[in-house]
Amino acid sequence: MWRMWTFFCLGCVVGSPLLAKPIPVVLDTDIGSDIDDTWALYYLLQSPELDLKMVLTDTADTSYRARVAAKFLTECGRMDVAVGIGVPGKKDAEFQLPYVTDYELSTYSGLIHEDGVQALIEMVHASEEPITLIALGPVPNLRVALERDPTIAAKMHYIGMQGSIDLGYGKGAASAEWNVASHIADFRAVLGADWQSFKITPLDTCGFIKIEGEAYQSLKQSELLGLKAVFENYDYWEDLVTWEKPDYVEHRTSTLYDIVPIYMAYSGELLEYEQMRIVVDDEGFTRRSEEGHLVDVAMRWKDLDAFYSDVVARLLKE
């Protein structure tokens, strides 16, 4: 477990070419269930190398998720970011619902795309450079997008939080990771598309990421509006989440799976990648297989302390 941390100025953090043109990004997210998506969105907004064009809500009630994203973007002062409503589904795991009980999506001053999947397709074709797509959850939106227009994959870089190769939850044996196992056909479709590049962080490198100690207290006590909004959502989430009892929130974060793909979008050099062929079996396990699709997989950390230092410095930057 990480104990020591150090602040870095953003001009000195690993992989921060501040003079480079920002990378255009679309975030596909099931924000509103696990709190790590909210952390990831704030982290993305705090990363100047990334130019967030749209938050595309995915899985279950995507209108509810769009309300969470739109209110959070508003509280961060980032109404320049479009919100796309993804493929609708049934209500499920709405653990941040009190945050938007009185919030109407129509009050968002930025762009709202009722058909977020079509907005993604049009954005990709209109862009003069490749879009980096960061997927933080299951991917039914992306399967539908590829069915409508398979050519978009060749114009995008894919970075996802999916899978489990050698390590699973809690650093145990390989698991049928939720983002894959809950929507197997969708991830198989995405895995088989012809992307410019395809990278994932499986549980091997993201399934144990937590911020604690002095660093966590600095985040918790910050007056930054974005962090205050994150912790407001923590208050709701800890009362409603069903898969664990988060009696640790005074001392540390929950597991922040989804901040790792954000890091991979602007650097990733603190990670060790393996290029391998993988398949998804019928139980939702991501397996090595010579018959599988070629993927760059973040398998190990070179310097986890440096990663935490970078993340905390960014989250606290005014």
- request: Evaluate salt bridge (Lys or Arg N to Asp or Glu O under 4.0 Å) for Asp149 paired with Lys155, printing each intermediate quantity in order.
  value: CA-CA 11 Å; Asp149 187 350; Lys155 299 181 178 182; over 6 Å; no
Check whether any side-chain heavy atom of [X] sits under 4.5 Å from a side-chain heavy atom of [Y], and report yes or no.
{"X": "Arg65", "Y": "Thr29", "result": "no"}
{"X": "Glu250", "Y": "Lys220", "result": "yes"}
{"X": "Ser47", "Y": "Arg314", "result": "yes"}
{"X": "Phe72", "Y": "Val230", "result": "yes"}
{"X": "Glu177", "Y": "Gln162", "result": "yes"}
{"X": "Leu105", "Y": "Ser63", "result": "no"}
{"X": "Arg300", "Y": "Asp204", "result": "no"}

- request: Assign the ring pair Tyr263 / Tyr266 to parallel, tilted or perpendicular, where the plane angle (0 to 90°) is split at 30° and 60°.
  value: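 Perpendicular: the ring planes of Tyr263 and Tyr266 meet at over 60°.
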message: Ring-plane angle category for Tyr234 and Trp39, please: parallel below 30°, perpendicular beyond 60°, tilted otherwise.
response: perpendicular
Shortest non-hydrogen contact from [X] toward [Y]:
{"X": "Ile278", "Y": "Leu191", "value": "O-CD2, 3.7 Å"}
{"X": "Tyr248", "Y": "Ser254", "value": "OH-CB, 3.2 Å"}
{"X": "Trp237", "Y": "Asp34", "value": "CZ2-OD1, 3.5 Å"}

- request: I would like to know whether Lys302 and Glu269 meet salt bridge (Lys or Arg N to Asp or Glu O under 4.0 Å); could you show each step before the answer?
  value: CA-CA 8 Å; Lys302 298 176 184 177; Glu269 62 187 56; over 6 Å; no
field: Residues which pass side chain to side chain donor-acceptor pair (under 3.5 Å) with Glu129, listed by chain and number, not counting sequence neighbours
entry: Lys21
query: Do Val26 and Met156 pass the side chain to side chain contact (heavy atoms under 4.5 Å, CB included) test, and can you show the C-alpha distance, the side-chain angles, and the key distance before you say yes or no?
result: CA-CA 10 Å; Val26 170; Met156 285 193 285; over 6 Å; no
message: My understanding is that a hydrophobic cluster links ILVMFWY residues whose side chain heavy atoms are under 4.5 Å apart, including indirect links. Using that, what else belongs to the cluster containing Tyr257?
response: Met161, Tyr169, Trp178, Leu203
message: Surrounding CD of Glu104 (heavy atoms of other residues, nucleotides or ligands, distance under 6.0 Å), is the total greater than 12?
response: no
message: Between the side chains of Asp282 and Arg188, is the shortest nitrogen-to-carboxylate-oxygen separation below 4.0 Å, so that they form an ion pair?
response: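 Here Arg188 pairs with Asp282 in a salt bridge, since their nearest N and O are under 4.0 Å apart.
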- prompt: Could Glu223 and Lys228 be called an ion pair, given the rule that one side-chain N must be under 4.0 Å from one carboxylate O?
  reply: yes
Can I get a per-line list of side-chain donor-acceptor pairs under 3.5 Å for residues 81-96, giving both atom names and the distance, sequence neighbours left out?
| from | atom 1 | to | atom 2 | distance (Å) |
| --- | --- | --- | --- | --- |
| Lys91 | NZ | Asp61 | OD2 | 2.8 |
| Gln96 | NE2 | Thr38 | OG1 | 3.1 |
| Gln96 | NE2 | Asn233 | OD1 | 2.9 |

